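These notes concern the structure reproduced below.
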Amino acid sequence: MYPVLFKLGPISIYSFGLMMAIAFLTANYFFAQEVKRRRESEKMVSAITMIALIGGVIGSKIFSIFEDWSVFLAHPMSTLFSASGLTFYGGFIFATTGIFYYIRKKKVSFKKFADMIAPVVFLAYGIGRIGCQLAGDGDYGIPTQSLVGMHYTMGTAKPTYVLEPYFNRYPEEALKWQYDSLKAIHTGTDALGQQVNRFDEVVTCHPTPLYEMAAAILAFVFLWSKRKKWESQQGKLFYATIILMGIERLLVEFLRINPLYVGLSMAQWISILLIICGSVMLLKKQPTGVTS
C-alpha cells in the first residue's frame, strides 16, 4: 500500500487524492470531447463537472454517515471532516440530481447530456478505485486464502479495525484467522504512525477495489463504443450505464464488509433499485430522438 506516494518538501502527495484528481480531469476531458462532437454548448461542461464534483463529495459523505450512523454518533466531528468514508452511490445520486436541475433550468434535454456524461462516470469511478487500493482505506473485501488475496498492512484503515464487524457476524471465521490472539501481538508502526499488529500482517483480503476498477473500465469501453450507434435513442446510454453500475456494485458487495439491512447492504438495495429503474426505462418504447 502507498497512502503517501511522495513528498514535495513539507507537502505530502496522497495516492487517494491524486487519483481522485486524475479521475475528475479524465472524466472532464472525455465529457468535453463528446459535447464538442455532438455540437452542444461547451460552456455547460465546466458547470456540469463542477456540480458533479461538489454534489459527489457532499452526497458521498452524507450517505457514508447514514451507513455508519453509530460511528458518526461516537465521533461526529472527526467523521464529518474525515477524507475517508465516502459512499459512491450518495455522490452519484446527489450529483445526478444537481445536474438534472441545472439542465432543466437551461431548458435543454437532460437525456442527451446524461448520455454524454454517464459512460465517463464509470471511467472516473474505476480510476478512483485505484486510489482506494493504493491507500488501503478499508474498501477492500473479506479475508481470503486464495491467490488473489492481498495484504493491507500499510493501509490507512487496518484489517484489524475494518474486519471486526465481519468477525463479529461470523465467529467461526474469527477462529479460523486467529483474530483475537493475533491482533494482541503488536509489531510496530507504519509510515503514518499507526500501530500494526500481527493480524494485520497475516490476513489477506479480496482486493475489491481492483475488481471494481477492471469492471468499471470494461463497462466504460463498452458504453463508449455504443455512443454513436445509440445517439438517436436518447437516454439509452444513461439507462444502460445505471443498469451496469447496479450489477457491478450488487455483486462486489458480497465480498465487502458493510452493515446489512434485511440481508443486503444499503449499496445492494440501491443497486437493485437502479437495475429495475434502468431496465424499465430501457425497455420502454419511445419515439426516436424524443427529448426530455
Side-chain angles (χ1 to χ4, degrees), residues 13-61 63 83 86-103 106 108-135 137 139 209-228 230-231 234-246 248-249 252 274 278:
I13 305 301
Y14 293 92
S15 55
F16 180 78
L18 179 62
M19 295 313 300
M20 288 299 290
I22 293 174
F24 174 75
L25 293 173
T26 303
N28 185 69
Y29 171 78
F30 279 97
F31 177 45
Q33 291 300 308
E34 186 64 2
V35 169
K36 184 177 180 180
R37 184 186 72 81
R38 295 198 186 199
R39 295 184 174 86
E40 295 295 334
S41 174
E42 295 182 50
K43 294 180 180 179
M44 300 177 68
V45 173
S46 57
I48 290 175
T49 50
M50 188 56 63
I51 291 171
L53 177 63
I54 296 173
V57 172
I58 294 174
S60 295
K61 177 56 68 174
F63 267 60
L86 299 177
T87 303
F88 170 73
Y89 273 151
F92 177 74
I93 292 170
F94 267 62
T96 301
T97 302
I99 293 170
F100 174 80
Y101 280 106
Y102 173 77
I103 292 294
K106 292 293 182 180
V108 295
S109 170
F110 171 74
K111 288 182 182 179
K112 183 183 294 186
F113 272 86
D115 282 345
M116 287 186 276
I117 199 171
V120 304
V121 170
F122 248 130
L123 179 61
Y125 183 66
I127 296 173
R129 282 309 190 196
I130 299 175
C132 294
Q133 175 67 15
L134 290 173
D137 60 4
D139 285 340
L210 296 184
Y211 301 164
E212 291 198 86
M213 176 203 69
I217 291 176
L218 287 174
F220 166 74
V221 171
F222 168 75
L223 293 165
W224 194 252
S225 71
K226 297 295 183 182
R227 70 191 193 285
K228 295 179 181 178
W230 293 351
E231 187 172 343
Q234 287 186 19
K236 185 172 183 178
L237 206 57
F238 175 63
Y239 301 141
T241 297
I242 63 176
I243 291 171
L244 291 176
M245 191 178 293
E248 181 274 321
R249 192 57 183 271
V252 80
L274 286 179

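Just so you know, these numbers come straight off a predicted model, no measurement behind them.
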(message) What I'd like to find out is whether the side chain of F113 reaches to under 4.5 Å of the side chain of I99, using heavy atoms alone.
(response) no
(message) Between L244 and E248, is there a side-chain heavy-atom distance shorter than 4.5 Å?
(response) no
(message) How long is the straight-line distance from OG1 of T241 back to CD1 of I117, given to the nearest 0.5 Å?
(response) 11.0 Å
(message) So K106 and M44, do their side chains get closer than 4.5 Å, heavy atoms only?
(response) yes
(request) Compare all side-chain heavy atoms of F16 with those of L134 and state whether any distance is below 4.5 angstrom. (result) no
Would you tabulate the side-chain donor-acceptor contacts of residues 23-35 under 3.5 Å, counting partners in other chains and residues two or more places apart, or write 'none'?
| unit_1 | atom_1 | unit_2 | atom_2 | d |
| --- | --- | --- | --- | --- |
| T26 | OG1 | I22 | O | 2.7 |
| N28 | OD1 | T49 | OG1 | 3.3 |
| E34 | OE1 | R37 | NE | 3.1 |
| E34 | OE1 | R227 | NE | 3.0 |
| E34 | OE2 | R37 | NH2 | 2.8 |
| E34 | OE2 | R38 | NE | 3.1 |

(message) I'd like to check Y125 versus M245 (side-chain heavy atoms, cut-off strictly below 4.5 Å). Are they in contact?
(response) no
(request) Could you go through the side-chain contact (heavy atoms from CB on, under 4.5 Å) check for F238 and V121 one step at a time? (result) CA-CA 10 Å; F238 175 63; V121 170; over 6 Å; no
(message) Show the nearest heavy-atom pair for residues P119 and F220, with the distance to one decimal.
(response) O-CD1, 3.2 Å
(message) So, taking the atom named CD1 in I243 and the one named CG in L274, what distance separates them when rounded to the nearest 0.5 Å?
(response) 9.5 Å
(request) State the CG-CH2 distance between L223 and W230, to the nearest 0.5 angstrom. (result) 6.5 Å
(request) Side-chain contact test, heavy atoms from C-beta onward, threshold under 4.5 Å: evaluate it for V108 versus E40 and give yes or no. (result) no
(request) State, yes or no, whether a side-chain contact exists between C132 and R129 at a heavy-atom distance under 4.5 Å. (result) yes
(request) Determine yes or no for a side-chain-to-main-chain donor-acceptor pair under 3.5 angstrom, with S225 supplying the side chain and F222 the backbone. (result) yes
(message) Return the CZ to CD1 distance between F122 and I242, rounded to the nearest 0.5 Å.
(response) 10.5 Å
(request) Give the minimum heavy-atom separation between Q234 and S109, together with the two atoms involved. (result) OE1-OG, 3.1 Å
(request) Output the distance between atom CG (L18) and atom CE (M20), rounded to the nearest 0.5 Å. (result) 11.5 Å
(request) Return the minimal non-hydrogen interatomic distance between D115 and K236, and the atom names on each side. (result) OD1-N, 3.8 Å
(request) Count the heavy atoms of every other residue, nucleotide or ligand shown that sit under 6.0 Å from OH of Y102, and state whether that count exceeds 12. (result) yes
(message) Before you tell me yes or no, could you show the steps for Y239 and K111 under side-chain contact (heavy atoms from CB on, under 4.5 Å), namely the whole-Å CA-CA distance, both residues' side-chain angles and the distance that decides it to 0.1 Å?
(response) CA-CA 9 Å; Y239 301 141; K111 288 182 182 179; 3.4 Å; yes
(message) Distance check, rounded to the nearest 0.5 Å: Q133 atom CD versus I130 atom CD1?
(response) 9.5 Å
